[in-house]
Amino acid sequence: MDRIRIRGGNRLNGTINISGAKNAALPLMIVSLLTPETLTLNNVPRLADVRLLQRILQNHGVDIMIAGKRPGQNGQSGDVKQLSARTIADTTAPYELVSKMRASFWVLGPLLARCGEAKVSLPGGCAIGTRPVDMHLQAMEKLGAEIAIEAGYVVAKARNGLRGNRIVFDKVSVGATHAALMAAVLAQGETVIENAAREPEIGDVAQCLVKMGARIDGIHSPTLRISGVTSLHGAEHTVIADRIETGTYAMCAGMTGGDVMLRGARSDTLGSVIDVMRKAGIAVDETNEGLRVQRNGRALEPVSVATAPFPGFPTDCQAQLMALMTMADGTSTIRETIFENRFMHVQELARLGADIHLNGDTAEVRGVRKLTGAPVMATDLRASVSLVIAALAAEGETMLNRVYHLDRGFETLEDKLAACGADVARLSGN
Ligand code: EPU
C-alpha cells in the first residue's frame, strides 16, 4: 500500500488546477444509462471511484471509451469519456461492486426508468454514518415502482413504466434527489420534487439531462418540476469544478500561509465556505482565472460552524476546517449535522498534537501553537485529507497511511501540493 510522506513548515505559493468534481462525475456517468446514444463527458477526474463506477456500468452493458488527447493538452484537464448504453445487458448491480462505493446504488433510478426493472444490492456499512437509502426507495415507490428487499438486494419493478408524481422529501438528500430526478425524466407525466437538494452537482446533472432532451424547471432551487419524455438522446457535457477540492486546497494555503491561485475554481459553487475562510483571516478573491487564496502573516482566527446542506457549510469540508482550526488563535466549535459519525479524524489529529474535545455532534477545537509530525491513518476520504492539511503545518515528518482513501477523491494530490512548494512525496508500497 502506498503512503504519503509530508515534511511540514513550507508556505504554499503557486497555482493548483482544480479537477472536475467527483460527486458530479459519478452521477453524470450513471446518467448514461438513460439513453441508447453516446454521452460524452469532458473534465472527468482520474480517480479510483470513477474507475470503480466504470466497472459497475460496464457490467450493465455500457461501452466506455476514453477519447484521445489532442496535441497541446497537458493532461491536467481530466479525461474525455464517451459512454454508450446501446442496450442494457444486465439490470443487476451486484454486492461485490456496490459495497465498495455507495454512489453506485444510484443506478437504481435510471435502470428502473429505462428497463422497468432493477436489482441493486443494498450498499451496506459506511465509516461516516448509517446512511440509509429509505428516501431513495420511497421516491421510486411514489413514481409507481414495486419495491421488495430480497437477500440484501433491492428488487424494483415498474412493468408499465414509471408515472410522474409529487415527491416531498422529509430531509435534504443529495443521493435521493439524484435518484428521483434521474427516474422522473423518463416517467409518464409531471413529477414535482420538493425539498430537493440544491448542491451544485445536482444542478450539473440536471443541466446535462436537459442537453439530452429532458424537461426540467427549477434547476438550483428546492423544487424541481420535471415533465417526462419518452426517450433521451446523446449529448456532450463538461463536469463542473470540484468545490470540495477547492475548499480543501484553500484550507491548505490558509494553514501554511502563502499565496495560491486555484485555477478553474468557481465561487458560486462554494456556498458559505468563502465566508468561513474570510472569518478565519484568509483572503479569498475571485479573478478571471479562478480563486486566489492568501494568508500572509495574519493569525488564523477561530470560527463557529455547523455543517448544512448547500449553500451551508459542506460536511465534505468539515474535517479539513477542523484541521485548519487546530492552529487558530482561540477556540472554535464545529458541529456536524449531516452524518452522525463523521469525527474519525479527531483522534488522528490528536496524534499530531491537536487539542479537540467531542461533545455529541460538536467538536470544540482549542488552537495550539505547534503541531508535530507523526504516523497517521484515516478511515475515509475527507478525514485523510484533513491529516494532510495538519501535516503541512506540523514540525517534522508525517507519514499518512491508507492512501487509497485519498485516491478515491483527490487527483494527483501530492503533485499539486509539491508544485506549490510543499515537501510531500508518495512512497510506493512495494
Ligand atoms: N439519508 C437518509 N435516507 C436516505 C438518504 C439519505 O436518511 O435515503 C440521510 C443520510 O444518512 C444523511 C443525510 O440524509 O444523514 C444526507 O445524506 P445524502 O443522501 O445527502 O448523502 P449522499 O447522497 O449519500 C452525497 C455525497 C457525499 C456527501 C453527502 C452530503 C456523493 C457521491 N456523495 O452523499 O460525499 O457527504 O452527499 O453532502 O455525491 C464524499 O465525497 O466524501 C462524500 C461522502
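For clarity, every value in this text was computed on a predicted model and none was experimentally measured. One-based numbering, in listed order, for ligands and for the atoms of each.
Between Arg243 and Glu201 there is a salt bridge, since at least one side-chain N of the basic residue sits less than 4.0 Å from a carboxylate O of the acidic one. With respect to the salt-bridge test (charged N to carboxylate O, under 4.0 angstrom), the residues Asp316 and Arg342 qualify. Using a 4.0 Å cut-off between charged side-chain N and carboxylate O, Arg166 and Glu194 make a salt bridge.
Minimum heavy-atom separation, Phe310 to Gly271: CE1-N, 3.6 Å.
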Hey, can you pull the donor-acceptor pairs under 3.5 Å for the side chains in residues 109-116, sequence neighbours left out?
residue, atom, partner, partner atom, Å
Arg114, NH1, Leu33, O, 2.8
Arg114, NH1, Thr35, O, 3.3
Arg114, NH1, Ala85, O, 2.9
Arg114, NH2, Ala85, O, 2.7
Arg114, NH2, Arg86, O, 3.0

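Judged purely by distance below 3.5 Å, without hydrogens or angles, the side chains of Glu117 and Thr91 pair a donor atom with an acceptor atom.
Protein residues are said to neighbour a ligand when one of their heavy atoms lies under 4.0 Å from it; for ligand 1 these are Lys22, Asn23, Ala103, Trp106, Ile128, Arg131, Pro132, Val133, Asp134, Met135, His136, Lys171, Val172, Ser173, Val174, Gly175, Thr315, Asp316, Ile338, Phe339, Arg342, Leu381, Arg382.
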